[in-house]
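Following: one structure in structure tokens, then a few remarks.
Source: prediction; values computed, not measured. These numbers come from the heavy atoms of this one structure, side chains and all, not from hydrogens, waters or symmetry mates.
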Amino acid sequence: MRLNSNDVFHNRALTITFQLFMSKITRVVLTGGPCAGKTTALAKVVEHFSNLGYQVYTVPEVPTMFAVGGVDYLTKNQSLFYQAEKSTLQLQIQIEDQFAAIAADSEKPVLLVCDRGTMDISVYLSPETWQAITQEVDIPIDKLRDSRYDAVLHLVTAADGAAEFYTTSNNEARTEGVELACTLDKKLRGAWTGHPHLRVISNSENFENKIRRVLREISKVLGIPEPIENERKFMVEVVGDIPNAIETDIVQTYLMSEPGTVVRLRKRTMQGKYVYLQTTTKTVGENERIETERNISYNQYMSMMAMADPTRQSIHKIRKSFIWEGQYYELDQFIDPNPGFSVLEMDSAQGEETKFPPFIKVIKDVTGNAKYYSNDLAYYNYLYRGFAYGAGSLLENAVYLQLHRAGYDVYVGVQDSQEVDFVAIKQDKKLYFQVSWQVLADEKTMQREYAPLTKRNDQYNKYLVTLDEMKLPNNNGVEHLFPWELDTVL
């Protein structure tokens, strides 16, 4: 049997994917500021995933072990302090590795949960001391942070967003007040920033939802089907400075994949460091999906780039992550395509009141609207065959492709919360297009499709493209076109 190039690419993808996922030990760090709910979350994780057939091992917190044993981390003896911190890092690494060695012989898939991880140690040290210790131990900092663990879950302290629940009474080692707890929480988050699967779990509604999100994020890493819920997306405009935002440069490329499956590669750049990831999302039911994400090497990344979907370009964006009033947000500002376009994502339980920072102006709630998600955003959604919702979207595909082949840059236009399907620009020429399968059969559909065009009070030509059986008259400057007439106006 002769294989064509697509078969070769597909088989190669399966081989690489198998190599990436054949390890049955998954390492997850639970970290966070004081009184974040880490102890309770750890117990729930053990119970939940043990019931699902996993062998769950929990790696204890080394500084607590040392402190209980008499080590004084607050000593003024700098030599003793340095040795204590170095020994803490060495023992943390050794304990984790010994748990992994034991887990290697398990007949079950293993979830190794670390009660804090190696990078937590750094927040109590000066950068110079941390650098000296890691050099002496001979482990690069980026290796400790980026590739040692499959995921890092940071639970935000109750002092940030749920101060009424903050207490020091349930932990003898906890002495921090609210302000210091918030400062420590931010330092811990900063220490792990750069890990490709860092998830910040904030105090958005109640503690039960916080625990549910911990379980959901671990399920993603393990590839367990999860409900499609809670993620909210908004088209926004930034109207002020974002305090304490952490910036990441992301280039995202989608690969050829089977129907119902989305595979993407990401190159993340932060402070001159590169991290490469492969994410596979598979819809397994009406309301469930499986999402798996793994680090890959540069060579694997370049090899898999050969399988890039030829109908889509890579997306380049800057992601700004920040916390405001205890809620975690991710702001994506697009560079290419659609420069200046911004989408805000947050985690919010159904029915929960949505709060926005004063420096963010919300234009439109786009939750669930595939056109505004990264794999579909702007003209990508018109190129991606897996997300064609009916005949109307097929017609949009055709119109977009014709505009693109004619040399136009194509964008989505929004005015007064009303969306124009395509704004096509080539040099000084600008054209507006609204696309619908048919409008004559329904008066509401006709009004909805004409409205975004008739409300634009400028000199540029405006067109409604449909497959109605008869030609429609000019409507307040909007000309009706059949798809085969597009060439006459381009």
message: Tell me if the OH atom of Tyr73 is crowded by more than 12 foreign heavy atoms within 6.0 Å.
response: yes
statement: For Asp185 and His154 the tightest heavy-atom approach is OD1-NE2, 3.0 Å
message: Donor-acceptor pair, distance only, cut-off 3.5 Å: does the side chain of Ser87 make one with the backbone of Gln83?
response: yes
- prompt: Can you tell which of Ile133, Thr134, Thr118, Ile93 makes a side chain to side chain contact (heavy atoms under 4.5 Å, CB included) with Ile139?
  reply: Ile93
query: Ring centroid separation for Phe356 and Tyr329, is it under 6.0 angstrom?
result: no
query: Any donor-acceptor pair under 3.5 Å linking the side chain of Ser50 with the backbone of Glu47?
result: no
- request: Verify the ring-centre separation between Phe81 and Tyr124: is it less than 6.0 angstrom?
  value: no
- prompt: When the ring planes of Tyr276 and Tyr301 are compared, do they come out parallel, tilted or perpendicular, using 30° and 60° as the limits?
  reply: tilted
- prompt: Can you check whether Val156's main-chain N or O pairs, donor with acceptor, with Lys210's side chain at less than 3.5 Å?
  reply: yes
- prompt: Do the charged groups of Glu330 and Lys320 touch, with an N to O distance under 4.0 Å?
  reply: no
query: So, Tyr298 versus Gln300: side-chain donor-acceptor pair below 3.5 Å or not?
result: no
- prompt: Rounded to the nearest 0.5 Å, how far apart are CZ of Arg189 and CG of Leu184?
  reply: 11.5 Å
- prompt: Does any N or O in the side chain of Ser303 come within less than 3.5 Å of the main-chain N or O of Asn299, such that one atom is a donor and the other an acceptor?
  reply: no
query: Between Gln92 and Glu96, is any side-chain donor less than 3.5 angstrom from a side-chain acceptor?
result: yes
- request: Please confirm whether the backbone N or O of Tyr149 pairs with a side-chain atom of His195, one donor and one acceptor, at under 3.5 Å?
  value: yes
task: For residues 31-41, pull every pair meeting salt bridge (Lys or Arg N to Asp or Glu O under 4.0 Å), keeping only residues two or more places apart or in separate chains.
output: Lys38-Glu61, Lys38-Asp115
- prompt: Crowded around Asn51 CG? As in, over 12 foreign heavy atoms under 6.0 Å?
  reply: yes
query: Within the distance-only criterion (no hydrogens, no angle test), does the side chain of Thr367 pair as donor or acceptor with the backbone N or O of Lys233 below 3.5 angstrom?
result: yes
Side-chain donor-acceptor contacts of residues 97-109 below 3.5 Å, not counting sequence neighbours, with atom names and distances?
from   : atom 1 : to     : atom 2 : distance (Å)
Asp97  : OD1    : Arg27  : NH2    : 3.3
Asp97  : OD1    : Arg148 : NH2    : 2.8
Ser106 : OG     : Lys108 : N      : 3.1
Ser106 : OG     : Lys108 : O      : 3.3

query: So, does Arg232 use its side chain to make a donor-acceptor pair with the main chain of Leu344 at under 3.5 Å?
result: no
- prompt: In terms of side-chain heavy atoms, does Thr31 have a donor or acceptor partner in Asp120 at a distance below 3.5 Å?
  reply: yes
